[in-house]
Number of protein chains: 2
Amino acid sequence: MEFLGSASDASCITRARRRQAYDDSTEFKSKNLHAERRRRQKLSDRLLTLRSLVPIITNMNKASIIEDAITYVEVLQRDVKILSDQLLEMESTSEEKEIPIRIDDQINNAADDQEMKTNGIEEDVEVTKINGKKLWMKIVFEKKRSRFTKLLEAMTYLGFEMTDTNVTTFKGAILVSASVERTYEDTLEVQETKELIQQIIRSI
Amino acid sequence: MEFLGSASDASCITRARRRQAYDDSTEFKSKNLHAERRRRQKLSDRLLTLRSLVPIITNMNKASIIEDAITYVEVLQRDVKILSDQLLEMESTSEEKEIPIRIDDQINNAADDQEMKTNGIEEDVEVTKINGKKLWMKIVFEKKRSRFTKLLEAMTYLGFEMTDTNVTTFKGAILVSASVERTYEDTLEVQETKELIQQIIRSI
DNA sequence: CGTGACACGTGAGCC
DNA sequence: TGGCTCACGTGTCAC
């Protein structure tokens with residue numbers, strides 16, 4: 001009647017061991033045999049779920065599982081610390097930022113406005129093809145506060161990747177030339193990209 | 001002569017069990033007895049160090065230790081996700097919230113660190129005087145995500161005004177040259193400005 | 001008394 | 001072959 005090793009494995013740690021046969025009579029000894037089995041299985045299950053949470057695997061050993069979990073917890077704690085530090089720093093700088101900037105912001109804008117009206121800077125967007133995935137572009141637009149930053153953010157958000165960027169400002173105008181390719185697109189059409197960039201510039 | 005259970009405990013899990021006495025002769029059986037002892041002790045040690053990393057304690061059980069570690073890892077993963085989401089949201093200057101895909105946030109951080117150390121682009125800051133209020137500067141530093149934007153923000157916040165700016169990126173490096181004057185200062189010292197810029201670059 | 005948790009020694013599979 | 005890991009059953013404390 002020995003149904004031994006019945007529910008102990010069914011896990012990827014267990015390597016399917018069997019127990020040798022007992023005498024069918026006698027020898028049904030310890031009372032906490034089933035309890036011990038349940039305890040072991042519970043511990044193995046816990047170990048498995050812990051295992052499933054840790055992304056980096058070195059070995060399937062019990063000790064290695066715990067070791068990987070240890071290093072992973074340390075990495076996570078470090079990440080949380082770094083991220084919360086960055087967040088606090090950004091929050092504090094953005095709070096302090098508002099008051100002192102507004103003063104010269106108005107001055108700059110006013111000066112730029114006058115210069116813009118007299119000079120009359122005209123926007124220009126030129127796009128030429130380098131190869132199927134890569135384009136070269138030249139953009140001229142009017143210099144206004146943080147407009148170039150917003151352009152960068154918009155292009156990054158839209159999946160454009162800019163390399164060999166060159167930015168020059170001169171008397172109220174910004175000239176940007178760069179190689180550009182789109183991260184997730186196979187092809188990049190000239191006219192389409194040009195219109196997209198013009199749309200970005202008008203919206204910022 | 002039975003000095004039994006000699007090196008098995010010495011841990012706060014073990015509850016100081018002793019072993020029953022053997023016959024002093026014979027019965028020294030299995031070959032892997034010591035190896036098994038080492039294995040068990042290593043596993044217990046790992047479990048203890050894992051235990052020491054987890055702040056919330058429910059029980060001193062082995063299973064409970066792993067259980068607590070599991071919930072703690074889940075909490076840490078959730079925190080990392082929330083923090084990185086907030087950080088991304090703040091970086092993209094409000095408005096449209098994208099759904100961040102970042103699973104491998106810690107991998108990216110590690111990769112960035114390694115890349116910085118291996119490549120080792122050397123920073124360079126040169127500042128020369130144009131006149132009493134105006135300087136010319138050249139900055140070379142390693143290209144990292146939104147680092148130029150942060151440089152602009154920092155310099156704007158510190159009251160620097162940049163004109164005739166020229167930015168060029170090339171193979172992981174950024175070169176910035178610009179005329180600069182400080183809005184609220186009468187004079188602008190070369191060495192002081194250079195150190196300030198170096199400080200900005202190191203902090204971003 | 002029972003229940004739960006633990007370390008122990010051991011046979012066996014794997015590389 | 002031997003080293004390593006595993007599940008197993010058991011004795012034994014503590015509550």
Side-chain angles (χ1 to χ4, degrees), chain A residues 1-52 54 56-72, chain B residues 1-52 54 56-72:
Chain A
M1 275 306 229
E2 48 279 308
F3 44 89
L4 6 98
S6 58
S8 66
D9 23 27
S11 77
C12 52
I13 298 180
T14 311
R15 299 183 191 175
R17 316 293 167 78
R18 286 297 103 107
R19 199 71 182 143
Q20 77 278 13
Y22 282 153
D23 300 335
D24 54 351
S25 65
T26 68
E27 292 284 353
F28 55 100
K29 305 177 181 175
S30 175
K31 286 170 289 186
N32 58 344
L33 199 153
H34 288 82
E36 179 66 14
R37 280 182 183 169
R38 282 206 311 270
R39 172 183 167 269
R40 274 199 295 261
Q41 188 183 355
K42 184 168 69 178
L43 206 144
S44 278
D45 289 348
R46 293 268 154 77
L47 215 54
L48 272 194
T49 60
L50 176 63
R51 177 80 197 74
S52 68
V54 178
I56 301 177
I57 311 173
T58 60
N59 270 325
M60 289 297 251
N61 299 340
K62 279 182 173 179
S64 298
I65 291 177
I66 303 183
E67 190 180 8
D68 295 342
I70 289 173
T71 63
Y72 184 52
Chain B
M1 275 299 237
E2 48 279 311
F3 49 96
L4 1 100
S6 58
S8 66
D9 24 28
S11 76
C12 51
I13 297 180
T14 310
R15 298 182 191 175
R17 314 293 166 79
R18 287 297 100 108
R19 197 72 182 140
Q20 77 275 13
Y22 282 153
D23 299 335
D24 54 351
S25 65
T26 69
E27 292 283 352
F28 54 99
K29 303 176 183 177
S30 174
K31 290 169 289 187
N32 57 344
L33 199 153
H34 291 293
E36 179 66 15
R37 276 184 186 169
R38 283 205 311 271
R39 171 182 166 269
R40 273 199 294 263
Q41 189 181 353
K42 185 167 68 177
L43 207 144
S44 278
D45 289 349
R46 293 270 155 75
L47 216 54
L48 272 193
T49 60
L50 175 64
R51 179 76 197 80
S52 68
V54 179
I56 301 177
I57 312 172
T58 60
N59 270 326
M60 288 297 250
N61 298 340
K62 279 182 173 180
S64 299
I65 290 178
I66 304 183
E67 188 179 11
D68 295 342
I70 289 173
T71 63
Y72 184 53

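The model shown is predicted, which means the values in this text are computed figures rather than measured ones.
- Shown here for A:Ile65 and A:Met60, the closest heavy-atom pair between the two residues is CD1-O, 4.0 Å.
- Residue B:Ser44 places its side chain closer to C:dA7 than to any other of C:dA7, C:dG4, C:dT10.
- Put simply, CD on A:Gln41 is 16 Å from C1' on D:dG9, counting in whole angstrom units.
- Taking atom CG on A:Asn59 and atom P on C:dC14, their separation rounds to 17 Å, with Å as the unit.
- If you measure from atom CG of A:Leu47 to atom P of D:dT5, you get 14 Å, rounded to the nearest angstrom.
- Rounded to whole Å, atom C1' of D:dG2 lies 16 Å from atom CG of B:Leu33.
- The separation between A:Glu67 atom CD and D:dT5 atom C1' is 15 Å, rounded to whole Å.
- Taking atom CZ of B:Arg38 as the reference point, atom P of C:dA7 lies 18 Å away to the nearest angstrom.
- Distances shorter than 4.0 Å separate none of the side-chain N or O atoms of A:Lys42 from OP1 or OP2 on C:dG4.
- Taking only side-chain nitrogens and oxygens, B:Arg39 comes nearer than 4.0 Å to OP1 or OP2 of D:dC6.
- Counting all heavy atoms, side chain and backbone alike, A:Leu50 lies closest to A:Ala69 at CD2-CB, 3.8 Å.
- Rounded to a whole Å, the CE atom of B:Met60 is 16 Å from the C1' atom of D:dC15.
- Residue A:Arg51 holds its CZ atom at 14.0 Å from OG of A:Ser44, rounded to the nearest 0.5 Å.
- With sequence neighbours left out, B:Arg40 forms a salt bridge (charged side-chain N to carboxylate O under 4.0 Å, His left out) with B:Glu36.
- Taking atom NE2 of A:His34 as the reference point, atom C1' of D:dT10 lies 15 Å away to the nearest angstrom.
- The base of D:dC6 is paired with the side chain of B:Glu36 by a donor and an acceptor separated by under 3.5 Å.
- Listed nucleotides C:dC6, D:dA7, C:dG4 differ in distance to B:Lys62; the shortest reach to its side chain belongs to C:dC6.
- With hydrogens and angles ignored, no donor-acceptor pair closer than 3.5 Å exists between the side chain of B:Asn32 and the base of C:dT10.
- Here the side chains of B:Leu47 and B:Ile66 are in contact, with some heavy-atom distance below 4.5 Å.
- Qualifying side chain to side chain donor-acceptor pair (under 3.5 Å) partners for B:Thr71, counting only residues two or more places apart in sequence or in other chains: none.
- Contact annotation: A:Arg40 does not reach the phosphate of C:dA5 (side-chain N/O to OP1 or OP2, under 4.0 Å).
- Dashed line: the shortest gap from a side-chain N or O of B:Arg37 to OP1 or OP2 of C:dA7 is not under 4.0 Å.
- Partners of B:Glu67 according to the salt bridge (charged side-chain N to carboxylate O under 4.0 Å, His left out) rule, which considers only residues two or more places apart in sequence or in another chain, are A:Arg46.
- Helical stems of DNA chain C (runs of at least 3 Watson-Crick or G-U pairs, donor-acceptor distances under 3.5 Å) are listed by first residue: C:2-15 with D:2-15.
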